[in-house]
Amino acid sequence: MNSLFLLLASGCLMLSGCAGYTLGAQKPTHLRAITKIAVPTFENLTLEPRIASLVTNAVIKQLQNHGSYQIVAKSEAEAVLKGQLASIDRTQFRSDLNNVLRTSQIMGSLTCLFSITEVASGKVLHAGNASADSYIILEANLQLSETQLIEDAAQRLANNLADQISEGW
């Protein structure tokens, strides 16, 4: 009898340990009804070539990883995520110890403005901005280093944007 009581009590404690937790994403309340979203190629307001498709693809992958929204064509979507790449900046982060004019590490900053518009009503459900910084040590091939810097900044920006619309922060 005691062992049966002990078994039931431990079972109740194990089940109550998950009280209040739910599986899946916790979308912001104003986006809770949206399940299908379209993501057209972002608009590039910078002079950097191919960055719009790089950031758009990164955002789509991050949204798929979050699992909050199904990425679909615009004809099937409940909402559309539109973005504008507002700026990309590169600055010297650290100079060479022996020569202060020579850069050894650069920082890149990428900023994006975005909005989510409901397809049926045309109403803007959410608007915001996302930004990201990335740092890289310069190698002998400066062009390759800069490309890696931009790709890393795009991934970080996509993660920040996906967090905002999937989790509300």
Distance (rounded to the nearest 0.5 Å) between [X] [atom1] and [Y] [atom2]:
X: L45; Y: C112; atom1: CG; atom2: SG; value: 9.5 Å
X: I51; Y: L85; atom1: CD1; atom2: CG; value: 6.0 Å
X: N160; Y: I165; atom1: CG; atom2: CD1; value: 12.0 Å

Checklist entry - Cluster question for you: counting only ILVMFWY and a side-chain heavy-atom cut-off of under 4.5 Å, with indirect links fine, are L113 and L54 together? => result no
Item to check | Co-membership, hydrophobic cluster, residues V119 and I71, 4.5 Å side-chain | outcome: no
If you look at every heavy atom in [X] and [Y], which pair is closest and at what distance?
X: E48; Y: I88; answer: CB-CG2, 4.3 Å
X: A132; Y: A153; answer: CB-O, 3.6 Å
X: P40; Y: V80; answer: CD-CG1, 3.7 Å
X: S134; Y: L149; answer: O-CD1, 3.3 Å
X: N44; Y: A52; answer: CB-CB, 3.9 Å
X: N129; Y: Q164; answer: O-NE2, 2.9 Å

Between [Y] and [X], is there a side-chain heavy-atom distance shorter than 4.5 Å?
X: E78; Y: I37; result: no
X: V55; Y: L157; result: yes
X: V59; Y: F42; result: yes
X: D133; Y: R156; result: no
X: Q155; Y: K61; result: no
X: L161; Y: L81; result: yes

Checklist entry - Taking it one step at a time, do L63 and S166 satisfy side chain to side chain contact (heavy atoms under 4.5 Å, CB included)? => result CA-CA 8 Å; L63 288 174; S166 295; 3.8 Å; yes
Item to check | Stepwise side chain to side chain contact (heavy atoms under 4.5 Å, CB included) check, E43 with T56 | outcome: CA-CA 9 Å; E43 183 181 359; T56 304; over 6 Å; no
Does a side chain donor of either [X] or [Y] reach within less than 3.5 Å of an acceptor in the other side chain?
X: Q148; Y: S145; answer: no
X: T35; Y: Q70; answer: no
X: S109; Y: D89; answer: no

Checklist entry - Are the side chain of Q62 and the backbone of D163 linked by a donor-acceptor contact shorter than 3.5 Å? => result no
Item to check | Candidate pair E151 and R50, rule salt bridge (charged side-chain N to carboxylate O under 4.0 Å, His left out), full reasoning | outcome: CA-CA 11 Å; E151 288 175 359; R50 81 174 187 82; 3.7 Å; yes
Next on the checklist: I'd like to know whether Y69 forms a side chain to side chain contact (heavy atoms under 4.5 Å, CB included) with L31, so could you lay out the CA-CA distance, the side-chain angles of the two residues, the decisive distance to 0.1 Å, and finally the verdict.
Outcome noted: CA-CA 10 Å; Y69 305 99; L31 297 174; 3.5 Å; yes
Checklist entry - Passes side chain to side chain contact (heavy atoms under 4.5 Å, CB included), V124 versus I116? Steps please. => result CA-CA 6 Å; V124 175; I116 298 176; over 6 Å; no
